[in-house]
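What follows is a short report on a single structure.
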Amino acid sequence: MVPPLTGYDGPGHAGYILTILTEHRLPHPTEGWSTFHPPLYYLLGTAIWWALEPLGPQAVVAGLRLLGGLPGVAAGWVSYRLVRRLGGDFATAWMAAALVLFLPAAQMAAAMEGNEAFAAGVAAMAFLPLLALQRDPRDVRAAAMAGMFSGLAVISKFSGFAVAAAGAVPFARRDLDARALRALGVAALLGLAVAAPVYARNVALTGRVFPMARDYEPMRSVEQKLIIRPRRVADYFWVDRDCLLRPSMFHLAGLPARRNNRNPAMVSVPGLLHASLWYDPFGHRVPIRYHEDGVRAGPTLVLLGLVPTAATLLGFAALVWRSVRSAGRAPEAPFVAMAALGTGAFLAYTWISQSSASVKGSYLLPLAPAAAVFFAEGVRRVGRRAGAAVLAVSGLAVIAAAVVFTEGLVFDSDPLLGQRLLARWSVMMPSAHLTDAVTRLLGQPM
């Protein structure tokens with residue numbers, strides 16, 4: 001029921017796929033809006049588009065969304081299994097999985113034509129083998145699975161590198177024997193065999209491991225328009241109350257919502273990050289006309305989300321301490337390492353890219369199963385009664401998020417979305433494949 005191309009850069013992702021489909025080649029990393037992304041999602045999307053196009057645009061859209069949505073469900077399943085294997089009780093494990101599945105950023109990603117949910121699901125498949133390796137670094141089968149899925153995560157989205165790097169933690173010990181070294185070799189070789197060709201191509205074509213299309217026009221100009229003001233170090237250490245009460249880039253007190261508004265509270269990096277995890281501050285799913293005073297869905301979700309977020313941060317801090325004290329031997333140490341690396345890289349990126357668009361919670365979705373582990377630890381740490389209260393509030397947050405992001409239940413769709421998308425993207429990126437992709441998926445005449 002979600003209109004086609006709703007979400008982050010849908011036309012750019014679709015244009016990438018259509019380039020492969022029509023020209024039988026991978027586009028240059030800086031050729032289009034989204035072509036800097038690693039190619040795995042787009043190669044699989046090309047096969048789906050080719051197979052389903054005779055059935056019409058709705059079938060193609062459904063197929064592309066399943067390509068993201070089904071791996072996203074896998075991330076929820078992995079989260080449940082992780083919490084249980086680490087000693088979490090049934091109720092906490094179910095709630096952790098529900099948070100992974102119904103977090104607004106995850107729901108938005110699952111309904112997009114794009115690689116966000118797909119990359120999160122692929123990365124999630126490396127978590128259980130990593131846990132097995134942490135317990136026994138001589139497990140060659142677990143090493144092979146961890147290496148393969150880490151490599152696939154790396155060619156799904158750049159954020160997969162945090163998951164791949166965590167694969168070194170089980171082997172960061174002095175008592176490795178020959179079998180453990182063999183397992184390390186298997187993991188490294190499989191990961192490199194999967195990922196190296198993609199990044200060698202990036203270097204050969206652009207001279208950079210991580211080419212970014214936003215460094216070039218017209219993407220650069222669009223990104224510049226989303227800069228509220230240059231970031232300051234202090235922006236990483238405070239949260240304005242309007243990030244919680246008006247969780248939108250375009251919501252100013254007493255004024256009608258407009259895209260040229262800029263909510264000054266959203267210069268707060270943690271504030272905008274929390275809002276983008278628990279709502280839709282950029283107006284990609286909730287139409288802009290609902291981003292104004294009197295609409296309570298956004299503040300409700302964001303405020304309810306403070307409770308599971310606080311539990312997750314508490315659990316992360318506790319597991320950092322346990323991992324340090326155990327010299328990296330704690331079962332959760334790989335997940336602590338990947339969370340630290342992934343979040344650190346994310347924060348560095350927000351400093352390099354001053355655009356508000358760089359602060360999107362969906363970039364952290366590959367770390368969702370790790371967050372589930374931290375949430376469960378946070379619930380355990382606060383004790384039985386307070387833990388039950390945390391689970392209850394988290395359950396309310398999950399239900400509220402499911403209701404708000406059920407299409408048409410709380411918010412009406414934008415009836416002119418298709419025409420707006422076509423007009424906006426044909427001007428911003430005058431690419432034949434991008435324009436053709438929009439018209440095909442909208443079912444409009446060529």
Side-chain angles (χ1 to χ4, degrees), residues 92 94-109 228 235-255 257 261-317 343 356 359-362 364-365 368 371-372 374-376 378-379 381-382 385-406 409-411:
T92 303
W94 269 108
M95 188 54 62
L99 287 165
V100 169
L101 291 171
F102 290 95
L103 185 75
Q107 291 192 67
M108 288 178 63
I228 300 175
D235 295 338
Y236 290 81
F237 297 97
W238 67 284
V239 177
D240 191 297
R241 64 193 295 271
D242 259 10
C243 294
L244 308 177
L245 301 180
R246 296 181 174 86
S248 169
M249 282 288 299
F250 316 108
H251 187 165
L252 297 177
L255 295 177
N261 286 349
R262 291 291 183 269
N263 183 350
M266 291 305 174
V267 297
S268 164
V269 173
L272 179 52
L273 174 60
H274 183 71
S276 68
L277 286 168
W278 282 98
Y279 195 53
D280 179 21
F282 297 97
H284 284 280
R285 180 75 184 275
V286 177
I288 290 296
R289 63 183 179 275
Y290 293 108
H291 288 224
E292 55 188 29
D293 290 340
V295 179
R296 297 182 179 178
T300 299
L301 289 184
V302 170
L303 291 170
L304 285 172
L306 288 173
V307 173
T309 299
T312 301
L313 293 174
L314 172 63
F316 175 66
T343 305
S356 301
V359 188
K360 287 205 288 270
S362 59
L364 297 178
L365 287 180
F374 306 150
F375 169 78
V379 171
R381 289 273 174 169
V382 298
R385 289 187 178 181
V390 170
L391 292 180
V393 175
S394 299
L396 288 176
V398 163
I399 293 169
V403 169
V404 168
F405 284 89
T406 295
L409 190 59
V410 176
F411 303 116

Review point. Any side-chain heavy atom of Tyr290 sitting closer than 4.5 Å to one from Val410?
Key: no

Check your understanding: Ignoring hydrogens and geometry, is there a side-chain-to-backbone donor-acceptor pair from Asp280 to Arg285 under 3.5 Å?
Key -> yes

Point to revise | Residues that Arg262 engages under salt bridge (charged side-chain N to carboxylate O under 4.0 Å, His left out), provided they are two or more places apart | key: none

Check your understanding: Looking at Phe405 and Gln107, what are the two nearest heavy atoms and their distance?
Key -> CB-OE1, 3.5 Å

Exercise for review: Applying ring pair (Phe, Tyr, Trp, His ring centres under 6.0 Å), name anything that partners Phe374, two or more places apart in sequence or on another chain.
Suggested key: Phe316

I'd like a table of donor-acceptor pairs (distance under 3.5 Å, sequence neighbours excluded) in which one partner is a side-chain atom from residues 98-106, with atom names and distances.
none

Check your understanding: Looking only at heavy atoms, which two atoms of Phe375 and Ala311 are closest? And how far apart?
Key -> CD1-CB, 3.9 Å

Practice item. Any chance you could measure Tyr236, atom OH, to Ser268, atom OG, to the nearest 0.5 Å? Key: 10.5 Å

Exercise for review: Starting at OG of Ser356, measure out to CE of Met249 and round the result to the nearest 0.5 Å.
Suggested key: 3.5 Å

**Study point:** Heavy-atom check, side chain of Met95 versus side chain of Ser394, under 4.5 Å
**Key:** yes

Review point. Does a side-chain heavy-atom distance below 4.5 Å link Pro247 with Asn263?
Key: no

Check your understanding: Where do Phe282 and Val359 land on the side chain to side chain contact (heavy atoms under 4.5 Å, CB included) test, with the steps shown first?
Key -> CA-CA 10 Å; Phe282 297 97; Val359 188; 5.6 Å; no

**Study point:** Residues in side-chain hydrogen bond (donor to acceptor under 3.5 Å, both in side chains) contact with Thr92, at least two apart in sequence or another chain
**Key:** Asp89

**Study point:** Smallest separation among heavy atoms of Leu364 and Thr343, with atom names
**Key:** CD2-CA, 4.5 Å

Point to revise | Side-chain touch Asp240/Cys243, heavy atoms, less than 4.5 angstrom | key: yes

Study note, to complete from the structure: So CG of Leu409 and CZ of Phe411: to nearest 0.5 Å the spacing works out to 10.0 Å

Check your understanding: Can you tell if the side chain of Leu244 reaches within under 4.5 Å of the side chain of His274, non-hydrogen atoms only?
Key -> yes

Study note, to complete from the structure: Looking only at heavy atoms, the pair that brings Leu365 and Ala109 closest together is CD1-CB, 3.8 Å

**Study point:** Ser276 (side chain) donor-acceptor with Lys360 (main chain) under 3.5 angstrom
**Key:** no

Practice item. Any pair with a residue in residues 291-309 that passes side-chain hydrogen bond (donor to acceptor under 3.5 Å, both in side chains), sequence neighbours left out, goes on the list, sorted by first then second residue, please. Key: Arg246-Asp293, Ser248-His291, His251-Asp293, Trp278-Thr309

Could you go through residues 395-402 and list every donor-acceptor pair under 3.5 Å that involves a side-chain atom there, pairing it with any protein atom two or more places apart or in another chain?
none

